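One structure is given here, and the rest of the page talks about it.
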Amino acid sequence: MYVAVKGGERAIDNAHAWQAEERRGDPAVAELALAQIREQLALAVNRVMAEGSLYDPDLAALAIKQARGDLIEAIFLIRAYRTTLPRLGASRPVATAQMAVIRRISATFKDLPGGQVLGPTFDYTHRLLDFKLAAEGAPVPVAATAPASLADVPHVMAFLNRDGLIEAEPAGDASPPDLTREPMELPASRALRLQAITRGDEGFILALAYSTQRGYGRTHAFVGELRIGCVAVELDIPELGFPVEIGEVELSECETVNQFTGSKTEPPQFTRGYGLVFGQSERKAISMSLVDRSLRWKELGEDCTGAPAQDEEFVLMHADNIQATGFLEHIKLPHYVDFQSELELVRKLRAEVLAAQEAAQ
Amino acid sequence: MTAPSHPPETAPRQAWMGLLARATPARLAGLFPDLPAHDFLRAPEVGAVMVRGRIGGVGQPFNLGEMTLTRCSLRLAGGVAGGVVGHAHVQGRDKAHATRAAVIDALMQTGAADGLRVAVLAPLAADETARRAARAAKAAATRVEFFTLVRGEDQ
């Protein structure tokens with residue numbers, strides 16, 4: 001029997017009104033401006049842009065404010081908004097070799113052209129709470145400067161590539177599959193996997209990458225290069241017949257160098273894992289490159305040990321935190337009828353078992 | 001990196017369109033506050049562009065994620081420049097920014113170009129150069145200078 005029920009509108013309206021009041025918090029405390037979120041919580045903004053899969057710092061700041069700092073809720077808001085935007089084209093692939101780097105490090109080569117540039121980083125901090133930040137009105141910090149070159153910083157991988165010590169990356173200009181346009185099909189191409197991982201949940205991708213380090217699908221990764229900086233985005237304009245720069249995005253890029261002893265099809269050489277993420281998101285970029293490399297076991301002729309990070313379906317079908325939270329959280333919504341049928345079934349089974357026990361006595 | 005698939009005579013226009021797109025809306029409005037009469041061929045429209053990367057930085061393209069974009073096409077009305085068409089494709093969702101950039105794109109194809117180069121483009125380019133130089137200088141200050149400690153066997 002299906003029972004249609006209505007009601008709850010007043011309760012829902014009042015719940016949302018209370019949520020709005022709670023969002024504002026204590027009115028004696030100054031309201032948070034979007035510019036404050038954008039400027040002072042920039043890494044949260046970056047995460048919302050990366051996993052929301054829409055680069056727009058002002059919108060991400062708004063989403064964070066609206067979501068009261070719940071980043072997955074904010075990502076949900078951005079994903080919903082982006083579906084309302086007409087698609088005005090696809091950019092030319094960004095040239096990360098021409099990135100204006102603010103950070104660029106290599107864990108494989110100490111001395112390399114362009115040098116090791118730390119940039120703004122939490123590395124080498126002691127992770128002690130800084131109580132000076134608790135006091136407002138401190139003088140504005142000033143970063144040191146040094147004479148700089150504006151020349152392009154070459155990719156570390158290009159040096160290894162020269163000696164044939166690392167696998168070549170096949171070039172091409174084929175239009176890549178887009179999981180926002182057509183449903184993801186497995187097995188997925190590497191391009192499709194990268195799209196799914198770069199917008200995937202940072203915690204999930206981090207955990208999978210960590211699992212490969214601990215031995216579940218070991219890939220022996222070194223960070224060949226990690227770079228962060230702005231790149232130009234170029235769009236071909238059909239009515240003009242030439243491409244124009246439409247703006248800039250900040251990206252984090254990680255290339256891993258992985259041990260590889262050779263296989264039936266490939267000689268011993270280093271192999272690659274790749275990560276590219278919107279914003280300053282190096283934890284995600286490194287994680288992405290480890291998971292990318294792990295998922296390449298089949299094309300490289302490696303053994304599958306059944307590790308989760310080698311299982312393309314497991315990784316790709318569970319990486320999206322909006323899909324995940326949507327399905328997870330729906331179980332809190334009314335399931336009265338479903339549960340009623342379960343209840344009846346259990347009562348019936350119990351009655352049968354109890355009757356059988358009585359008959360046996 | 002990308003091979004030019006367009007004649008070199010378009011390079012100056014590409015340069016000013018890019019500069020106008022990268023400018024902050026407030027700065028552009030400050031440099032060029034009053035818009036001449038114009039008719040929209042395509043009213044400012046907010047949409048998204050799929051940003052692509054390359055696997056390994058050099059290989060096959062893949063879809064990285066979208067960015068917001070506002071585009072606009074218009075025709076200057078009246079005067080000696082009447083009929084000239086301007087286009088703009090600018091990052092973000094600011095329709096006034098796209099309109100202003102399209103107007104300047106049109107005017108740059110007229111006799112007003114030299115004046116605009118001095119009054120608008122040069123200051124924007126100077127801002128951008130200063131902004132990039134400032135970030136590069138801060139990055140340079142965080143560049144590691146390695147030095148080798150005296151090793152035991154040398155003593």
Side-chain angles (χ1 to χ4, degrees), chain A residues 53-56 82 85-98 100-102 110 115-119 143-148 150 155 157 169-174 176 178 190-191 194-195 198-199 233 235 237 239-242 244-249 253 255 272 274 276 278, chain B residues 1-2 4-7 10-11 13-15 17-22 42 45-71 73 85 87-93 129 132-146:
Chain A
S53 205
L54 184 68
Y55 196 99
D56 188 315
R82 68 151 286 281
L85 294 173
R87 175 71 66 82
L88 303 182
S91 82
R92 293 190 160 201
V94 292
T96 54
Q98 286 152 35
V101 296
I102 58 164
K110 180 166 71 71
Q116 307 267 0
V117 177
L118 301 182
T145 59
L150 291 175
H155 272 128
M157 289 300 195
E169 193 67 70
D173 277 307
D178 183 354
R190 191 171 171 204
L194 290 176
Q195 183 186 12
T198 193
R199 74 210 299 267
V233 180
L235 180 68
I237 311 296
E239 54 267 47
L240 292 175
F242 54 79
V244 296
E245 279 186 22
I246 57 174
E248 290 177 323
V249 292
E253 181 185 52
E255 293 194 88
R272 299 164 177 256
Y274 189 65
L276 188 66
F278 278 156
Chain B
M1 285 290 283
T2 43
S5 61
H6 46 277
T10 65
R13 189 169 181 201
Q14 286 173 296
M17 290 183 84
L19 192 58
L20 293 167
R22 294 189 303 270
R42 178 160 58 201
E45 178 188 17
V46 177
V49 165
M50 176 56 85
V51 180
R52 288 182 174 157
R54 286 190 184 278
I55 301 173
V58 292
Q60 302 272 355
F62 71 98
N63 289 311
L64 178 63
E66 290 165 302
M67 64 184 268
T68 50
L69 176 87
T70 306
R71 68 179 178 184
S73 298
V85 172
H87 298 283
H89 292 75
V90 305
Q91 182 170 16
R93 292 163 294 111
T129 303
R132 288 178 176 169
R135 280 176 82 72
K138 288 176 198 172
T142 68
R143 190 171 154 160
V144 179
E145 306 292 347
F146 289 106

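Fair warning: this is a prediction, and the values are worked out from it, not measured in the lab.
Proximity to chain B (any heavy atom under 4.5 Å) is restricted, for A:Val233, to the side chain, taken from C-beta onward. Only the side chain of A:Glu253 comes within less than 4.5 Å of a heavy atom of chain B; its backbone N, CA, C and O stay farther away. For a residue to count as touching a neighbouring chain, one of its non-hydrogen atoms must lie under 4.5 Å from one of that chain's; by this rule A:Tyr274 touches chain B with the side chain only. The parts of A:Leu88 that come within reach of chain B are both its backbone and its side chain, each placing non-hydrogen atoms under 4.5 angstrom from that chain. Neither the backbone nor the side chain of A:Ala100 comes within contact range of chain B, judged by heavy atoms closer than 4.5 Å. Within the 4.5 angstrom heavy-atom criterion, atoms from both the backbone and the side chain of B:Glu45 approach chain A. The part of A:Leu150 that comes within reach of chain B is its side chain, from C-beta onward, which places non-hydrogen atoms under 4.5 angstrom from that chain. Contacts of A:Pro86 with chain B are made by both backbone and side-chain atoms, with heavy-atom separations under 4.5 Å. Both the backbone and the side chain of A:Glu248 come within contact range of chain B, judged by heavy atoms closer than 4.5 Å.
Between chain A and the options B:Gly56, B:Ala134, B:Ala136, B:Gly92, the largest number of non-hydrogen pairs under 4.5 Å is found for B:Gly56. Heavy-atom pairs under 4.5 Å with chain B peak, among A:Pro147, A:Gly172, A:Gly115, A:Ala143, at A:Gly172. For the options A:Val101, A:Thr198, A:Val249, heavy-atom pairs under 4.5 Å to chain B are most numerous at A:Thr198.
Using a distance-only test at 3.5 Å, with no hydrogens or angles considered, no donor-acceptor pair links the side chain of B:Gln91 to the main chain of B:Ala21. With hydrogens and angles disregarded, no donor-acceptor distance shorter than 3.5 Å links the side chain of A:Arg199 to the backbone of A:Leu54.
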